[in-house]
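Structure first, commentary second.
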Amino acid sequence: MTEKFISIEAIAKRYPGAGGGEIAVFENLWLSMQRGEFGCVIGHSGCGKTTVLNILAGLDAPSAGAVIVDGQAIEGTSLDRAVIFQSHALLPWRTVLGNVAYAVTSKWRDWDRARVRAHAQTFIDLVGLTGAEHKRPSELSGGMKQRVGIARALSITPKIMLMDEPFSALDALTRGTLQDEVRRICLETGQTAFMITHDVDEAIYLADRIFLMTNGPAAVLAEIVENPLPKDRGRTDLHRHPYYYAVRNHIVDFLVSRSKSFATDTPGHDPRNVPVVRIGKPELVIASVADGPLQETKQASWPGLSRPSTSS
Amino acid sequence: MTSSLRLRAAIVSIALFAAFIGVWHIATRGTGAVASMSPEYARLMGLTATAGKSAMPGPLDVGAKLWEHLQRPFYDNGPNDKGLGIQLGYSIARVGLGYLLAVIVAIPLGFLIGMSPLINRALDPFIQILKPISPLAWMPLALYTIKDSGLSAIFVIFICSVWPMLLNTAFGVAAVRKEWINVARTLEVGTLRRAFTVILPAAAPTILTGMRISIGIAWLVIVAAEMLVGGTGIGYFVWNEWNNLSITNVIIAILLIGMVGMLLDQILARFTRMVTFPE
């Protein structure tokens, strides 16, 4: 295995349940990511996705286990890990520039006004908000607000960007353009990003690897799907790619049926060695994370498209 | 259409005012000679006995007296005869001092209560018991301990204006949106900076609303407090003029109390608008 930039090790989150017991949202969760990688978590509501992200951000502490980022166990929040909130969370009494500048001064406390301003302006320009610096959040559309959220997160040049369903409150058109922006920025800057989403297409477009989580309580990370689409994929012709539907169907099938029954279907599931799914042209291959030989080949969840080459 | 609505409302207001003054004038005017008496005796008895005039002053009397007061608001002819400006000045100064003390105590304490659930629970029973006590009930205790009637009045103002500010500050601070706090946390903003850059602006509208309620209560209470402590102030003036049986002056004082109260409320309302942010 290559160097792990982020390593989530055996974390659990438990809440006191009714009758004195404890309810575990998830137990013994392992997950790792490399530098510059874009990871997406998909799962149904209540599976603890947001909790995982909050733990990674340091906003929430795990009941057990640890998170290691860049060789250091994290403790609380950090300017190295920027969060883009679902509700954009802009400070409404500050202007666009004021919101970004607030983050900049938080990171570089000794910078003078002009320098902070110039730095903030760079990132406002980057997300395409030039000209709207002096507007207040209430004067902006939902998409523009989220752009400010992205600019604020990027302005502190974090090691990791954490996104909690950042585009779910936006209309489809705005969502599309913002996805393009985020992908462009992440590719240009080599930003490591971790994102939670409900949108399968969003995950396929943005992510290098897609983490599938089963339903909670006691959710587990079931599979890691490696995105077979090329790095230079475009949003408009994504669906024409020969692997696109195979990936998409695999994820949708997981969400529709297997996410419920995964725990009973796979009793031997090892949370440390989550199966990596590589969707190849002829058929779906499930390989173990361990660098051993391929253990089994399994028919893809939608055979019609999984073997297009053999039937022709 | 708003300007026309404004205009129409103004016309109705003026009409109501004119009607009120008219009815007042008619109700209090003289009805002509009611008893025949010698002119010297009549001069002694005054218009109430001779012309059937009501003992209640009419609008013209009040207007004339008000004009007289407005021309020399700051005269000082000794303890029982001071200009209205001086009396109002004393009252405003007492309210200002007591209110300022309340701000100094209530806002930091409210912050503490809002930020710490422990302090909140610990102080809650005391606040619940102290809050409903009429501020004037404190007066004897204040007079006994402070031994100064002027300071006692200020204390009474303090105690009555502290509660709305305290409760509103605590509520505003506790109700700051979690996501804004989380923004500050992810940016590693320290506690003090977070209090001033996130919590204070977010809670400011609620705090100012509490301050506006407080200034209203303080102005209500000062009149009653000054009636008790005596000496100076608009409340004392009202009571003194009642003892002088000068209903005209009492009416003028009532009018001025209303005006100053409105002014204080408007000032706070303006501050509230300044810190309110649209979402």
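Residue numbers begin at 1 in each chain, while the letters A, B, ... track the order of the sequences.
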With a 4.5 angstrom heavy-atom cut-off, which part of A:Ile156 approaches chain B: side chain, backbone, both or neither?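 For A:Ile156, the contact with chain B is made by the side chain alone.
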
What residues of residues 187-200 of chain B sit under 4.5 Å from chain A when you count only heavy atoms?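 Contacts with chain A: B:Leu187, B:Glu188, B:Val189, B:Arg193, B:Thr197, B:Val198.
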
Anything in residues 207-229 of chain B with a heavy-atom distance to chain A below 4.5 Å? Please list those residues in order. none

Would the number of heavy atoms belonging to other residues, nucleotides or ligands and lying under 6.0 Å from [atom1] of [X] be above 12?
X        : atom1 : result
B:Phe171 : CZ    : no
A:Leu173 : CG    : no
A:Glu188 : CD    : yes
A:Lys107 : NZ    : yes
B:Tyr90  : OH    : no
A:Glu75  : CD    : no

Most contact-rich option vs chain B, by heavy-atom pairs under 4.5 angstrom, among A:Ser106, A:Pro158, A:Ala57, is A:Ser106

So which residue, A:Leu59, A:Thr105, A:Asn54, A:Leu162, ends up with the most heavy-atom pairs under 4.5 Å with chain B? A:Leu59

Any residue of residues 87-96 of chain A which, by heavy atoms, sits under 4.5 Å from chain B: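 Within residues 87-96 of chain A, the residues under 4.5 Å from chain B are A:Ser87, A:Ala89, A:Leu90, A:Leu91, A:Pro92, A:Trp93, A:Arg94.
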
Within residues 109-130 of chain A, residues adjacent to chain B where the heavy-atom gap is under 4.5 Å: A:Arg109

Can you tell me how far the OG1 atom of B:Thr186 sits from the CG atom of A:Asp80, to the nearest 0.5 Å?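 Reported value, rounded in 0.5 Å steps: 12.0 Å.
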
Please check if the side chain of B:Arg185 supplies one atom and the backbone of A:Thr77 the other of a donor-acceptor pair under 3.5 Å. no

Between B:Ala204 and chain A, which part of the residue has a heavy atom less than 4.5 Å away: side chain, backbone, both or neither? neither

